[in-house]
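Here is the structure we will look at.
Computed from a predicted structure; not experimentally measured. Here, residue 1 is the first one in the sequence, and each next residue gets the next number. The basis for the numbers below is simple: all heavy atoms, side chains too, and nothing from hydrogens, waters or symmetry mates.
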Amino acid sequence: MPQKRTTRTRPTPSAQHRPRSGAPKRSAGDSPKTSSRPGRRTAPGAARPGSPSAGAHTVKVKVRRAPSAPTPRAGATEGREITLPGGHEVLLTRRHFLYGAAGIAALALMGTGAAYASGQSKGADSTDTLSVPQDAVFSSNDLEKIDDASTVMELTASIKLPFGSLVWSCDDAVAACLLPTEVAKPLAQIGLILPDQGDYVTVLEHAVGEDEGFEIYDVRANSAGVIWTEADIMDSIWRVYGATLSGETLGEPQLLDEGDADWEMPTLACAANYGFWQRLPQLDGNARVENSLLKRAAFGTADVEVVYESKGRMACAPTSCGDAVIASPRARTSGTYYQLTRIEGSTGQVTDACVLPSSMRPFECGYGKTGFNFAFDGIYNYGDGIANLGTYMPLASFEHPSLEGDEPSDENAETGGPHLSGTAANTSTEAYSDQQWFHYARNPLSAPAWCGDWVMVRGQSSVCAVDLTSKRYTSLPLENGASSYGDFIASTNMGSRAITYSNIDHTSLDGKQTKHCLVRVWQPVA
């Protein structure tokens, strides 16, 4: 439970003190080209070790000796300053977004050029990592283009939100959105987009802890419930809340976690009837040596459990993929190996895994009809076919080894909390290494989504729909007046429809101004 805090009147935070957050937003094109990209939303804040959690279970794991890590990728370039309304200047760096009262920073994305590293793609011990030769990778450069997108993709709804809104969707029936206001308090509200109705509703107008100085900073939702974070940035305190969702009615909020400046504000996901959140220690905080945790709680309850524990920081935020959550913990071995991990939403069990070559850090990860997809925003000089900037996924579906027999237990507390054994991870990784792969050779901006049998991937300024079977693609048309950042993909699941959005600030020749966030719903032509 949160500590009792004194209710007080707080001054309006200046732009310099507002936490940075945002969705992946940047540009990248209709034909395979590289350009810089930002990272996933990162909010300030922190977390306190004593949060609610269920008992963690472990299994015995034989720790294997791994080779020393290769030279890491080059760091991001120096950030840039932008001027906000009111004269405030803010330094925006790569992988950071500023979310202000007007929501304008949702579009301010600063990227860097490609990064380079050296190393090796397979451990010298028995740790199997993904190994795909160059001739087993099909490039997006070789796709056939469909000039008229309307012949394969149909626009079924257009919805206007306040300018600067952020949108996330992992459910065909509902999408979550963070709605900026035009006042200093509240800064943002939680809304739900209803694709079937072509409309949206506001379900939470004020933060639960608003009287204590908290504001809403992030949200995810599906048909079962909503999970969101609130932060008091003046005192560096954050909280995670969850609530059931019945139609358009939000249930009673439940406090699930709370943290301070030693922990980053959690990133969120949802699957089945559960809300998930990922806790990472701050790199320079008192908890920097603590393990990273992926937690969950059933909507409508405060019963929290740890479903996965990583000895070291996870590579990227978890992704909601309908009935599962995709995480990127460290593999249980010496050295730094990131393990793409699919966790079933209803059971919390690991059902698929793939270990990437040493120190290869994915920017985004997801899951589709062919298995895992992941993206690199830098270039590695090792890894053979899986090494360049862009998004990767198996070209066709295949039979995945069952991991059901590798359930966590508490036989050896020294191995840490719930995790996947090295043996099971090796078996699954080998299956991925045997596949033909698809490389979308453009700078990544977000995880792809599946719209029927089409893969939706962000291009240079618009979203592309790719048919992997027929090896063809088309670019969805941009709305007139869309900013130079173009369209972004809100969806991350495998559904029958996909949601994109763009913020439009345009003044026509006759002086008429258009300023809103345009959400569009797409589905394949029957």
Side-chain angles (χ1 to χ4, degrees), residues 49 51 53-66 69 123 125-130 257 263 266-267 269 271 274 276-281 287 289-297 304-319 321 324-362 365 367 372 374 400-432:
S51 59
S53 64
H57 300 290
T58 63
V59 298
K60 286 185 178 180
V61 174
K62 181 180 179 181
V63 179
R64 303 178 175 87
R65 186 177 298 278
D125 57 11
S126 57
T127 301
D128 288 329
T129 61
L130 182 64
D257 207 348
W263 298 79
T267 45
Y274 289 83
F276 290 76
W277 64 102
Q278 179 174 287
R279 269 182 72 147
L280 302 183
V289 298
E290 298 290 333
N291 291 343
S292 300
L293 304 176
L294 181 66
K295 296 183 174 185
R296 74 168 185 171
V304 177
E305 62 178 321
V306 176
V307 293
Y308 209 98
E309 183 170 346
S310 173
K311 289 189 173 181
R313 292 172 62 84
M314 300 187 188
C316 58
T319 302
C321 292
V325 167
I326 313 304
S328 55
R330 301 278 185 89
R332 286 297 175 121
T333 184
S334 56
T336 302
Y337 296 86
Y338 292 106
Q339 173 187 291
L340 306 175
T341 306
R342 183 184 187 274
I343 298 171
E344 191 72 22
S346 58
T347 65
Q349 294 298 311
V350 175
T351 59
D352 202 1
C354 180
V355 180
L356 297 178
S358 178
S359 290
M360 277 192 175
R361 184 186 183 97
C365 59
Y367 206 84
F372 287 112
F374 57 91
H400 298 263
S402 174
L403 303 182
E404 293 180 358
D406 193 79
E407 296 183 2
S409 69
D410 56 2
E411 294 177 0
N412 187 350
E414 295 181 358
T415 61
H419 63 275
L420 186 68
S421 74
T423 301
N426 283 351
T427 300
S428 185
T429 301
E430 291 169 358
Y432 275 93

TODO: Would you check if Val307 and Pro418 make a side-chain contact, meaning some heavy-atom pair closer than 4.5 Å?
DONE: no
Open item on the list: Is it the case that the side chain of Arg296 and the backbone of Glu305 share a donor-acceptor pair, with hydrogens and angles ignored and the cut-off at 3.5 Å?
Closed with: no
- [ ] Over all heavy atoms of both residues, which pair between Ser346 and Tyr274 is shortest? Give the atoms and the distance, please.
- [x] O-CE1, 3.8 Å
TODO: Using distance alone, with no hydrogens and no angle criterion, decide if Asp352 and Tyr432 have a side-chain donor and acceptor under 3.5 Å apart.
DONE: yes
Task: Asn291 CG to Met314 CE distance, which is reported to the nearest 0.5 Å - done: 9.0 Å
TODO: Look up atom OH in Tyr338 and atom CZ in Arg361, then write down how far apart they are to the nearest 0.5 Å.
DONE: 4.0 Å
Task: Check: Ala424 main-chain N/O paired with Ser428 side-chain donor or acceptor under 3.5 Å - done: no
Task: CG on Asn426 to CG on Leu420, rounded to 0.5 Å - done: 9.5 Å
Task: Option from Val355, Leu356, Thr127 for which side-chain contact (heavy atoms from CB on, under 4.5 Å) with Thr429 holds - done: Val355
Task: Side-chain donor/acceptor of Thr267 to backbone N/O of Ala317, under 3.5 Å - done: no
TODO: Kindly compute the distance separating SG (Cys316) from CG (Leu340), expressed to the nearest 0.5 Å.
DONE: 8.0 Å
Task: Nearest-0.5 Å distance, OG1 of residue Thr351 to OH of residue Tyr367 - done: 6.0 Å
Open item on the list: Taking Cys365's backbone N and O only, do any of them form a donor-acceptor pair with Thr319's side chain (distance below 3.5 Å, no angle check)?
Closed with: yes
TODO: Starting at OH of Tyr308, measure out to CD1 of Ile343 and round the result to the nearest 0.5 Å.
DONE: 7.5 Å
- [ ] Say whether, by atom type as modelled, one donor and one acceptor occur between the side chain of Thr423 and the main chain of Ser421 under 3.5 angstrom.
- [x] no
Open item on the list: Just by distance, no angles: are the side chains of Arg330 and Ser310 close enough, under 3.5 Å, to form a donor-acceptor pair?
Closed with: no
